[in-house]
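Structure, as structure tokens:
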Amino acid sequence: MTDLHRLSIRELSEGLAGAKFSSRELTEHYLKRIAKIDAQVQSYVTVTAEQALAQADAADAAIKAGNATALTGVPIAHKDIFCTQGIKTTAGSKMLDNFISPYDATVVAKGKAAGLVTLGKVNMDEFAMGSTSESSYFGATKNPWALDHVPGGSSGGSAAAVAADLAPFSTGTDTGGSIRQPASFCGLTGLKPTYGRVSRFGMIAYASSLDQGGPIARSAEDCAYLMNVMAGHDAKDSTSVEKDVDDYVANLNGTSVKGLRIGIPKQYFNVHGLDADVKARVEESLKKLEEMGATLVEIDLNMTEAYVPTYYLIAPAEASSNLSRFDGVRYGYRCEEPKDIMDLYKRSRSEGFGKEVQQRILIGTYALSAGYYDAYYVKAQKVRRLIQQDFLKAFESVDVIAAPSAPTTAYRIGANLSPVEMYLGDIYTIAVNLAGLPAINAPVGFDKDSLPVGLQLIGNYWSESQLLSVVHQYQQATDWHTKRAAIAEENA
Ligand code: GLN
């Protein structure tokens, strides 16, 4: 078959179970496409062809023996922030260019146990800090919809690989939007789960109180399949929550859009820099949801102006602490011929980290230092609580909250935004992480340059099923999620 890359996860699952094609054929098909097309997109840092084929053969044997799960034999790409035993894990950094983890992240281990076939590791902003994937030591990934544009970040490789049909779905992580914003820029569906729903064990830490893994895929249905694998309590992650996991696939029609109360935050639609096309497409999608029976309710989220400053204190503060482990002694890059231990630390970190990462370590260290701790870090934590309370109050009168995922569509590669301009682009996503809430991006059309626009729906704690279900029904009634970038139409 020449069009295996067009099939949804459900179709792949059924096709494999019904022996319409084997996992080996499917895996070879994807590997061929990667070999032919990824030179243009540059979504993969590492392709694990040999291991993938071995996993595919094992999957085929399991299917024959009647030992298959719904996903046995289905290929996946992992963000290069998830540790993979025996395979390089770089986090997009020179610091970890040669790092091979001795163990698998829980998300990777669960994927293996479910029979998923790992095609490789995909590119990202260095240590997940960024919104373009340009800060990767391995170079910029391209947006499959327009190769001179960025795919977003930090999970840019995860989104680009799926949008170019170089993987049926992928894992991403979201500390301040890194699943939702690249999904938005690449016309995909991406879910950031409630903090504590997906294990962070073996996921290289950026800001531990905000980091959360989740799926990036073409549809809510495809995301639901991956959530069934990723979600769940893990004794190895003390912040993972002991709470029953839903069957996200079975619940896809569980929430009716009829009667759903969708909150529209007044403050969100007057944000400086909100692109007119983005605003129009998001409003059209809300109109569609209204036609499907939802009620739109205007709400207030009064803390909106505090989002960016609060996040850009807390995230770098936690990063400065997390990244202290990369010292040239225990992990990764070590400078040549250090004179003494101070020289070893200084040069290994100056040479191993890129500019954005160094900038954030400096800001974070400053905010945490004696004398500034109360004025900056403690204050930011107090504001964080107010932001959370703002959402909880809103959820007393609405079921979900709607927003754009980003104020603009994809930037041009090399647009060279100043840090502040770039940080302001995170306005719609970061508060969700500060509050620990789940949120989803769904594609809802295109701007005048044919670049994808995304709608974000934010839910209350543990409402992943509801978010997936609402987007699934929207996707049953519309076809934005079926649109493909030209490069994805190319055959290998
Ligand atoms: N763009 C945001 C940042 O640079 C979010 C990144 C993320 O979610 N990992 O911090």
Side-chain angles (χ1 to χ4, degrees), residues 78-85 88-97 99-110 121-130 135-137 153-155 158 171-179 192-214 230 233-241 311-333 348-349 352-354 356-365 367-368 377 380-381 384 426 429-430 432-434 436:
H78 285 302
K79 184 175 182 179
D80 211 10
I81 199 167
F82 289 101
C83 285
T84 42
Q85 189 176 20
K88 197 160 87 138
T89 299
T90 69
S93 183
K94 178 178 178 186
M95 186 58 92
L96 293 178
D97 184 16
F99 174 64
I100 296 191
S101 168
Y103 59 84
D104 280 328
T106 295
V107 161
V108 172
K110 283 185 160 203
K121 307 290 293 291
V122 281
N123 201 20
M124 54 182 283
D125 277 300
E126 184 176 12
F127 285 102
M129 298 176 193
S135 75
S136 170
Y137 174 62
S154 67
S155 312
S158 306
T171 53
T173 63
D174 191 312
T175 303
S178 281
I179 288 175
K192 182 262 170 207
T194 307
Y195 184 78
R197 180 72 297 179
V198 171
S199 170
R200 292 183 300 108
F201 179 77
M203 197 175 103
I204 295 173
Y206 161 15
S208 308
S209 77
L210 305 165
D211 296 343
Q212 190 62 197
M230 294 178 83
H233 175 248
D234 178 10
K236 292 182 190 146
D237 169 6
S238 63
T239 62
S240 107
V241 174
Y311 173 87
Y312 277 99
L313 255 159
I314 290 174
E318 293 186 20
S320 72
S321 163
N322 275 325
L323 271 58
S324 66
R325 67 181 62 126
F326 303 106
D327 56 6
V329 178
R330 287 172 293 180
Y331 302 90
Y333 179 79
S348 298
R349 288 169 66 79
F353 288 136
E356 183 68 28
V357 173
Q358 293 194 26
Q359 222 156 259
R360 295 197 192 192
I361 292 174
L362 289 173
I363 292 171
T365 307
L368 289 176
Y377 183 70
Q381 291 289 20
R384 177 179 189 172
D426 295 334
T429 47
I430 51 191
V432 163
N433 302 73
L434 289 167

* Less than 6.0 Å separating the ring centroids of Tyr206 and Phe127? ->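 No - the distance between ring centres of Tyr206 and Phe127 does not fall below the 6.0 Å cut-off.
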
Between [atom1] on residue [X] and [atom2] on residue [Y], distance to nearest 0.5 Å:
X	Y	atom1	atom2	result
Asp237	Met203	CG	CE	8.5 Å
Thr239	Tyr195	OG1	OH	3.5 Å
Ser135	Phe353	OG	CZ	12.5 Å
Leu96	Tyr137	CG	OH	12.0 Å
Leu210	Thr173	CG	OG1	11.5 Å
Phe82	Ser199	CZ	OG	9.0 Å

Taking all non-hydrogen atoms of both residues into account, name the closest pair between [X] and [Y] and its distance.
X	Y	result
Ala91	Met124	CA-SD, 3.6 Å
Asp211	Arg200	O-CD, 3.2 Å
Ala380	Leu313	CB-CB, 4.0 Å
Ser320	Gly364	OG-C, 3.5 Å
Val241	Arg197	O-NH2, 3.8 Å
Ile179	Gln212	CD1-O, 4.2 Å

Please name all residues satisfying side-chain hydrogen bond (donor to acceptor under 3.5 Å, both in side chains) with Ser154, sequence neighbours left out, ordered by chain then number.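 In terms of side-chain hydrogen bond (donor to acceptor under 3.5 Å, both in side chains), with neighbours along the sequence ignored, Ser154 is linked to Lys79, Ser178.
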
Asn123: partners by side-chain hydrogen bond (donor to acceptor under 3.5 Å, both in side chains), with sequence neighbours left out: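 Per chain and number, Asn123 pairs via side-chain hydrogen bond (donor to acceptor under 3.5 Å, both in side chains) with Ser136, Thr141.
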
Taking atom types as modelled and ignoring hydrogens, do the side chains of [X] and [Y] form a donor-acceptor contact shorter than 3.5 angstrom?
X	Y	value
Asp80	Thr90	yes
Glu126	Ser93	yes
Lys121	Thr84	yes

Trace of the side chain to side chain contact (heavy atoms under 4.5 Å, CB included) decision for Arg349 with Ile361:
CA-CA 11 Å; Arg349 288 169 66 79; Ile361 292 174; 3.8 Å; yes

key: Phe99, CZ atom: more than 12 neighbouring heavy atoms under 6.0 Å   =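 Counting other residues, nucleotides and ligands, CZ of Phe99 exceeds 12 neighbours.
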
**Asked** With side chains defined as the heavy atoms from C-beta onward, is the minimum distance between Leu323 and Met95 less than 4.5 Å?
**Response**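 Side chain of Leu323 against side chain of Met95, heavy atoms only: no contact under 4.5 Å found.
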
Before giving the answer on side chain to side chain contact (heavy atoms under 4.5 Å, CB included), spell out for Asp104 and His78 the whole-Å C-alpha distance, their side-chain angles and the decisive distance to 0.1 Å.
CA-CA 12 Å; Asp104 280 328; His78 285 302; over 6 Å; no

ask   = Where the side chain of Arg384 meets the backbone of Leu434, is there a donor-acceptor pair that is under 3.5 Å apart?
value =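 Flag set: sc Arg384 to bb Leu434 pair under 3.5 Å.
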
Check your understanding: So, Asp125 side chain and Ala128 main chain: donor-acceptor pair closer than 3.5 Å or not?
Key ->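 No.
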
**Study point:** Residue pairs, two or more places apart or on separate chains, that pass salt bridge (Lys or Arg N to Asp or Glu O under 4.0 Å) and touch residues 315-328
**Key:**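 Matches after skipping sequence neighbours: Asp327-Arg330.
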
